[in-house]
Amino acid sequence: MGSFQLEDFAAGWIGGVASVIVGYPLDTVKTRLQAGVGYANTFNCIRMVYKRESVFGFFKGMSFPLASVAIYNSVVFGVFSNTQRFLSQYRCRELEDCPGRSLSDLLLASMVTGMVSVGLGGPVDLIKIRLQMQTQPFQEASHGLKSRAVAAYQGPVHCFATIVRTEGLTGLYRGASAMLLRDIPGYCFYFIPYVFLSDWITPEACTGPSPYGVWLAGGIAGAISWGTATPMDVVKSRIQADGVYLNKYRGVLDCISQSYQQEGFKVFFRGITVNAVRGFPMSAAMFLGYELSLKALRGDHTVRNK
């Protein structure tokens, strides 16, 4: 076990770039399904986006996440790995025969990561969702009629400046409470399954999982995490999309109440299929990029040595 290691942050950045490129088109579909109107199902949403905006519609607002999400994942993986390592060192400091990590270490490290992630990821998610949502039809508050949206933002920088000007700096953290309720359990269901699955897949004779093992464990962990996070992800997406043209929600509970009254319980599982489906390749690319980068940076012969 080592001390604080910067390699985890660098490897997380590389993995973040890979995950954005792989998962962004389905992320756009997920956001439109959760916060938009006029889509019957996932395939209908894909068809409508392509028909109205061509293939470029699926990459709406991607430039900002490509730069920022890479930094965000760098922090997420760096915080998780170093926190978990610190907890293991602290627990084992006076024990001769102590396992390198425990479920409690992983659980606490995941929860810390979830809390830290909101501070950096809240504004990133908000700008991404505002850019994704601005060109789709929205519901008029007064008569319930669908209207054709006109682009409100010229790009990420203009979106950022507009939010700060109209809503203040606190506006950048719209939906932060919902994001906390999503990410704290979400990262527990992300990192813990990955660690145990990769250990289970790896033969005892090997010092680390193979790239295929990393890919499979990471993909399954991503599908589990995003699938279970969907209800609060719906609430977060709606609160963050709110404000592009209208302001309907006063907070998390108000959003839950209005969504339930208008669309029933099933609304909280809107996008669960696309969430789980995109979670596999996105997280597989994230973990594979992270582990292989970590291996290269450390110059060792194992895929993982935390």
**Message:** Looking at R270 and D233, is there a salt bridge between them, counting it only when a charged N and a carboxylate O are closer than 4.0 Å?
**Reply:** no
Between I184 and C188, the two heavy atoms sitting closest are O-SG, 3.3 Å
**Asked** Does some side-chain heavy atom of L181 sit less than 4.5 Å from a side-chain heavy atom of S177?
**Response** no
Checklist line | Test item: T230 side-chain N/O and G227 main-chain N/O as donor-acceptor pair under 3.5 Å | finding: yes
Quick check on the hydrophobic clustering: are I239 and L253 connected, directly or via other members, by side-chain heavy-atom contacts under 4.5 Å? no
What one should report as the nearest heavy-atom pair of C159 and Y153 is CA-CD2, 3.7 Å
#### Entry: salt_bridge(R32, E53) N-O dist < 4.0 Å
yes
So CD1 of I192 and CG of L107: to nearest 0.5 Å the spacing works out to 5.0 Å
Look at the aromatic rings of F287 and Y190 and report parallel, tilted or perpendicular, splitting at 30° and 60°. tilted
Original post:
Using the benzene-type ring in the case of Trp, are the ring centres of Y187 and Y194 under 6.0 Å apart?
Top reply: no
So CZ of F196 and CG of L103: to nearest 0.5 Å the spacing works out to 5.0 Å
Open item on the list: Hydrophobic clustering (ILVMFWY, side-chain heavy atoms < 4.5 Å, transitive) - are L169 and V157 grouped together?
Closed with: no
Kindly indicate whether the side chain of V29, heavy atoms from C-beta on, has any atom under 4.5 Å from the side chain of T42. yes
When rounded to the nearest 0.5 Å, the distance separating CZ of R298 from CG of D8 is 5.0 Å
Point to revise | R238 and E263: CA distance, side-chain angles, deciding distance, salt bridge (Lys or Arg N to Asp or Glu O under 4.0 Å) verdict | key: CA-CA 13 Å; R238 288 186 166 214; E263 301 172 66; 2.9 Å; yes
Does the S237 side chain pair with the main chain of V234, one donor and one acceptor, at a distance under 3.5 Å? no
Heavy-atom closest pair (G78 atom, N82 atom, distance to 0.1 Å) is O-ND2, 2.8 Å
> Less than 4.5 Å apart, any side-chain heavy atom of K128 and any of D27?
Replying inline: yes
So CG of D183 and CE of M115: to nearest 0.5 Å the spacing works out to 11.5 Å
Within a strict 4.5 Å, meaning less than it, do heavy atoms of the R47 and Y39 side chains meet?
no
Check your understanding: Parallel under 30°, tilted from 30 to 60°, perpendicular over 60°: which one fits the rings of F191 and F80?
Key -> parallel
Taking every heavy atom of R182 against every heavy atom of M232, the minimum-distance pair comes out as N-CG, 3.6 Å
Is a side-chain N or O of Q258 found less than 3.5 angstrom from the main chain of K248, in a donor-acceptor match? yes
Taken to the nearest 0.5 Å, the spacing of L292 CG from W215 CH2 works out to 13.5 Å
- Message: Please tell me whether L106 and V76 are part of a single hydrophobic cluster in this structure, the criterion being side-chain heavy atoms less than 4.5 Å apart.
- Response: yes
Rounded to the nearest 0.5 Å, the CD atom of Q84 sits from the OG1 atom of T113 at a distance of 10.0 Å
Test of understanding: clusters of I, L, V, M, F, W, Y form through side-chain heavy atoms closer than 4.5 Å, transitively. Do V124 and I127 belong to the same one?
yes
Between R278 and Y24, is there a donor-acceptor pair closer than 3.5 Å when you use the side chain of the first and the backbone of the second?
-> no
For F280, look at atom CZ and say whether over 12 heavy atoms of other residues, nucleotides or ligands are found less than 6.0 Å away. yes
Of all heavy-atom pairs linking P193 and A221, the shortest is CB-CB, 4.2 Å
In terms of heavy-atom contacts, Y290 and G12 come closest through CD1-N, 3.5 Å
